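Residue numbers start from 1 in every chain, and the chains themselves are labelled A, B, ... in the order their sequence lines are given, proteins ahead of strands. Predicted model only: the values in this text are computed from it and were never measured.
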Amino acid sequence: KQEVTQIPAALSVPEGENLVLNCSFTDSAIYNLQWFRQDPGKGLTSLLLIQSSQREQTSGRLNASLDKSSGRSTLYIAASQPGDSATYLCAVSPFSGGYNKLIFGAGTRLAVHP
Amino acid sequence: DAGITQSPRYKITETGRQVTLMCHQTWSHSYMFWYRQDLGHGLRLIYYSAAADITDKGEVPDGYVVSRSKTENFPLTLESATRSQTSVYFCASSGGVTPYSYNEQFFGPGTRLTVL
């Protein structure tokens with residue numbers, strides 16, 4: 001059964017730091033991996049999607065990498081800002097159980113202080 | 001409004017009552033999903049639909065019923081609500097026209113359901 005783990009569970013950093021959020025998954029048979037952001041009391045906002053054939057995706061200050069063979073993905077946030085404070089979730093779409101379904105990690109709660 | 005919407009946003013009900021949560025998307029996405037989010041369990045898939053009239057169970061389907069007569073709507077019904085179904089429910093959709101956007105899931109704002 002596919003399991004997704006995110007480390008650390010919580011992170012507090014000063015503004016301006018570059019930071020890395022980690023995501024690991026137990027089964028490398030995936031279609032894709034998606035990173036989301038969730039603000040308190042809100043829905044999920046899609047940040048980046050990496051197809052299984054890709055190594056990384058970039059959007060603005062965000063860069064996500066995927067190493068499928070080792071079951072790992074990282075989300076790199078450059079020059080962090082207080083507005084980046086949120087919970088970051090990663091999710092994989094496994095081969096088993098049907099196309100396009102997502103298995104989520106528990107998330108990393110990020111606080112960026114001025 | 002464009003995008004994906006859910007109603008109601010908040011709902012309080014009593015044990016044993018039937019409750020229907022609505023989800024509507026304006027992108028004509030083929031796939032739609034229902035998740036629940038609970039402390040300690042994260043987000044878990046309840047049901048999903050690949051197209052109108054095609055639905056299938058997710059990880060935690062017991063106690064829930066779905067239907068999809070139109071592409072844009074995907075209601076979730078709790079036939080006889082229980083306290084364990086107190087949760088935040090998210091609807092999502094995917095199926096854009098590019099290979100990237102086809103797989104990318106977009107989420108609604110959520111419905112916070114309390115069962116007393």
Side-chain angles (χ1 to χ4, degrees), chain A residues 1-7 9-10 23-25 30-59 62 64 66 73 86-109, chain B residues 1 3-7 9-10 21 23-25 27 29-51 54-61 74 87-96 98-112:
Chain A
K1 179 184 173 185
Q2 177 74 265
E3 291 184 359
V4 181
T5 303
Q6 291 187 246
I7 295 173
C23 172
S24 62
F25 46 96
I30 62 170
Y31 289 111
N32 56 68
L33 183 145
Q34 199 166 348
W35 281 94
F36 295 88
R37 167 190 173 132
Q38 185 175 28
D39 294 285
K42 305 286 188 181
L44 280 68
T45 300
S46 177
L47 298 174
L48 290 165
L49 181 145
I50 310 177
Q51 306 282 15
S52 61
S53 58
Q54 297 176 315
R55 297 284 292 183
E56 64 177 349
Q57 280 283 348
T58 298
S59 175
L62 305 179
L66 175 64
S73 176
T87 296
Y88 291 81
L89 298 158
C90 78
V92 299
S93 180
F95 281 170
S96 63
Y99 183 71
N100 234 356
K101 291 159 59 175
L102 290 178
I103 307 294
F104 281 85
T108 293
R109 192 169 63 253
Chain B
D1 291 337
I4 184 165
T5 56
Q6 294 183 235
S7 62
R9 295 293 315 280
Y10 303 90
L21 309 183
C23 179
H24 175 78
Q25 51 102 357
W27 294 305
H29 282 171
S30 54
Y31 284 88
M32 294 188 76
F33 309 83
W34 275 106
Y35 296 88
R36 59 179 289 175
Q37 187 174 36
D38 306 285
L39 281 174
H41 291 283
L43 276 144
R44 292 177 292 174
L45 181 66
I46 305 171
Y47 268 97
Y48 70 102
S49 168
I54 301 175
T55 62
D56 205 350
K57 296 177 181 179
E59 185 184 355
V60 288
F74 191 37
S87 185
V88 180
Y89 291 84
F90 289 102
C91 178
S93 72
S94 68
T98 68
Y100 181 95
S101 64
Y102 186 80
N103 298 320
E104 190 177 14
Q105 287 196 23
F106 295 91
F107 280 71
T111 294
R112 185 174 295 273

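B:Phe107 and A:Leu44 make their closest contact through CB-O, 3.5 Å (heavy atoms, listed as atom of the first residue, atom of the second, distance). When all heavy atoms of B:Tyr48 and A:Lys101 are compared, the closest pair comes out as CE2-CD, 3.4 Å. Residues A:Phe36 and B:Gln105 come closest through the heavy atom pair CE2-O, 3.5 Å.
No part of A:Gln6 comes within reach of chain B, as not one of its non-hydrogen atoms sits under 4.5 angstrom from that chain. Contacts between B:Leu43 and chain A at a heavy-atom distance below 4.5 Å involve backbone atoms as well as side-chain atoms. The part of B:Glu59 that comes within reach of chain A is its side chain, from C-beta onward, which places non-hydrogen atoms under 4.5 angstrom from that chain.
Under the 3.5 Å distance criterion, the side-chain polar atoms of B:Glu104 are left unmatched by any main-chain donor or acceptor of A:Leu49.
Proximity of B:Tyr35 to A:Leu102: side-chain heavy atoms (C-beta onward) are separated by under 4.5 Å at one or more points.
Within 6.0 Å of CZ in B:Arg9 there are more than 12 heavy atoms belonging to other residues, nucleotides or ligands. The number of heavy-atom neighbours closer than 6.0 Å to CZ of A:Arg109, taken from other residues, nucleotides and ligands shown, is 12 or below.
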